[in-house]
Protein chains: 2
Amino acid sequence: MPTRATELLRVVHARPGVTRADAARLIGVGTGATTELVGRLGQAELLAQGPTAPSGARGRPTTALIPHPRGPLIAAASITYEAWRVDVVELGGSVLATAGEELAGRGGDEVVAALGAAVRRLRQEYGDRIRGIGIAVPGTVSRDLMLDASNLGWHDVDLAAAWPRAEIFVAGNDATLAASAESRRGTAVGAAVALHLRIEAGLGGAVVDGGKVLIGALGAAGEFGHMPFGDPAVRCPCGAYGCWGAAVDGSALARLLGHEPPRDPITYARRVITSPQPGPAAAAATVATALGRGIAGLVNGLDADLVTLGGLGVDLLAAAPEQLMAAYRAGLMSFRRAAPPPVLPALLGDDGPIAGAAEEAWTALLARLA
Amino acid sequence: MPTRATELLRVVHARPGVTRADAARLIGVGTGATTELVGRLGQAELLAQGPTAPSGARGRPTTALIPHPRGPLIAAASITYEAWRVDVVELGGSVLATAGEELAGRGGDEVVAALGAAVRRLRQEYGDRIRGIGIAVPGTVSRDLMLDASNLGWHDVDLAAAWPRAEIFVAGNDATLAASAESRRGTAVGAAVALHLRIEAGLGGAVVDGGKVLIGALGAAGEFGHMPFGDPAVRCPCGAYGCWGAAVDGSALARLLGHEPPRDPITYARRVITSPQPGPAAAAATVATALGRGIAGLVNGLDADLVTLGGLGVDLLAAAPEQLMAAYRAGLMSFRRAAPPPVLPALLGDDGPIAGAAEEAWTALLARLA
DNA sequence: ACAATATGCTCCTGATCCGAGCAAAAGAAG
DNA sequence: CTTCTTTTGCTCGGATCAGGAGCATATTGT
């Protein structure tokens, strides 16, 4: 039940620094109710008012709504293949502090323990202002917060150990969370149905429908890499045949170039894609074609009006835009070809997953502050 | 902003005949508020109370909440390849009256005009109680209610002509609406993410996430038949290559059997699929395999926990269950194989689309009655 | 008949929100 | 500098809604 108070907080979170007059118009309340609302939320140490830059227009100047200096905070974390990081994020998305380090080959439980220690240090510094945590991970997260990251060789890693008994604890796949961030603060703001695809070691993604990320029945939605758009003769490590992901990632490039499967497929793939030599360029073009064809299939089926690419998808789009877009257009249903949904690089880049973790945790917190 | 009143109406719509005590517990209000609510909704001619069957338990007996005898109604319509139909549906989904006839080869505008005449007749009978209309059609509907049904040869048919200036007017693809109905009153009740697939002349479907049908940016989501799970050498009428739909419908069976493309692909396909002869049976098995493989891909990507099949999908599942399910299981990501989401026939059968039209129109009406 | 149990109604209270009217703070015009 | 215009903010009264305590009601069980 969204009350006016949560609506106002959501507006301020989405657009920190809105003027109170604009915010009131956005949620459709009069000036009387606004006074009461802002007063109440100020008392609750959720909102504060700050000065605005002079507008130059006539009329009494308004104030800007900003996060309260003693207001609640969220810890946003991400684990990538190379490092982990924790940010302290206030209402509106600003980062107040950060901590992190390289993975250095440590195991999942060790990394979660190190992350948990960092969260404890930050909680000592910020006290109970930190109300919860969101974590982005390169793998799948079950409902009971167990992480499975096969590309890291991690299985049954208990993420809850980072902060047992946290009031708010959300965790999710990095591509899923990056999609959330793109739809709120990135390229996909305003899209009705945004599709985000992210190629790193494998292909993941997510659909954001009307601002809500589809997380699936088990929290494992967005594994578009395991849709059979690829060559039915190629076996995927997941056990199925013809997986799209196996046609667009580093292993696909290695296969095309007759190389051994690379140990670090991301670095390998980036090197191949950006190589000026004809062999690698042709391989990149082939992979870009497979990417474009699959994107078209997803757009046909999901009726997205915008597609954003993250990770190696950005490099592929830059290296072989003609091939990618040609395959994309050719795969679209005819009625879509007049106005194909744009395929654009994601705005937030490598910060997408951690930004998404912050967004989802803040969304959960705002729902609780009802 | 769902108020208690709309919450109660939604509960009664979902479970007509609930006792008022159960309904109050479901929406979490005390008996005092319930009295006030039921009284208000009775005054507004939205709810009435009826007798309940004796429960046998102790305590004061409660009453059943039922639609008001002068309450609002919805006209639910469907157009299929053979006929059109209009039902008058009350709160809770019961059908009070129905009308319809065969298409008999008429064009889209003529059919919509006939449907509109039937709606006018029903409105004369029921007066302003009929507050809106929902229409299920075998094609795509744009935001401005223009219908495109290429399999019928209809283009730019103005559905709004069936009831211009209707207060509530929703229209959608038959497969999309059938998915909605399945998730509310069919096999998929309670599923977190339900995938419904419907094969008639082509393959369509929809995803229902947490009770909400994903309609896409243009209202054209669910065209899973145009995802490239099929043979890349086969050209689909949509202009793309390798469309899944072209691998599982009547045209695919005809191709496998060396027949000409059939004029009535649905009847043709049903005959082939149910044929006891080895040739047709083998073709059906091949098509069932392609269906199972694609379903697995969609389940992988969308993380559905239940799949329902409608139209010819039911026949395929009955004719070649082993092949379909084997391909399905083989295509699932390994972590899903321990507990594959069930693949079941849809409960509502041919009534799915019209039931879904009623559901969506009622949903819109309930939102307006806030 | 009486106890036990579940349900429904009345009345009171508090929270929320809206609108009217007035006050305040800026720019514009003389 | 004064006055007018424009926009915004505050106070106050009224309306709606929701929740709870206490009592009334209708059934089953002994």
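In the text below, chain A, chain B and the rest are named by the order of the sequence lines, each starting its count at 1.
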Q: Round to the nearest Å and state the distance from A:R20 atom CZ to D:dC10 atom P.
A: 4 Å

Q) Base, sugar-phosphate alone, or nothing: which one does A:T63 contact when heavy atoms must sit under 4.0 Å apart? A) sugar-phosphate

(Q) Closest-nucleotide mapping onto DNA chain D: is A:R58 or A:E36 further toward the 5' terminus? I mean the 5' end. (A) A:R58

Q: Inspect the contact between A:E7 and A:R10 and indicate whether a charged nitrogen and a carboxylate oxygen are less than 4.0 angstrom apart.
A: no

Q.
Can you measure B:R25 atom CZ to C:dG8 atom P for me and round it to whole angstrom units?
A. 9 Å

Q) Taking OP1 and OP2 of C:dA15, is either one under 4.0 Å from a side-chain nitrogen or oxygen of A:R40? A) no

(Q) Between A:D22 and A:R25, does any NZ, NE, NH1 or NH2 come within less than 4.0 Å of an OD or OE carboxylate oxygen? (A) yes

(Q) Judged by each residue's nearest nucleotide on DNA chain C, which is more toward the 5′ side, A:G30 or A:R60? (A) A:G30

Q) Looking at B:R129, B:R123, B:R368, which one forms a salt bridge (Lys or Arg N to Asp or Glu O under 4.0 Å) with B:E167? A) B:R368

Q.
Using whole Å, what does the distance between atom P of nucleotide D:dG20 and atom CZ of B:R4 come to?
A. 10 Å

(Q) So, taking the atom named CG in A:L347 and the one named OG1 in A:T308, what distance separates them when rounded to the nearest 0.5 Å? (A) 10.0 Å

Q) To the nearest Å, how far apart are A:L37 CG and C:dT16 P? A) 9 Å

Q | Closest to the A:P61 side chain, choosing from C:dA26, C:dC17, C:dA6 | A | C:dA26

Q.
Need one value for A:T31: base, sugar-phosphate or nothing, where a base atom within 4.0 Å counts as base even if backbone is also close, heavy atoms only.
A. base

**Q.** Atom pair distance, as rounded to whole Å: CG in B:L26 and C1' in C:dT7
**A.** 16 Å

Q. Within this structure, what is the CD-to-P distance between B:Q43 and D:dC17, rounded to whole angstrom?
A. 13 Å

Q) Picking from C:dC18, D:dG19, C:dG8, which would you name as closest to the side chain of A:A33? A) C:dC18

Q: Check every strand shown and say whether B:T35 touches a base, only sugar-phosphate, or nothing at a heavy-atom separation below 4.0 Å.
A: base

Q: Report yes or no: do A:E360 and A:S180 form a side-chain donor-acceptor pair below 3.5 Å?
A: yes

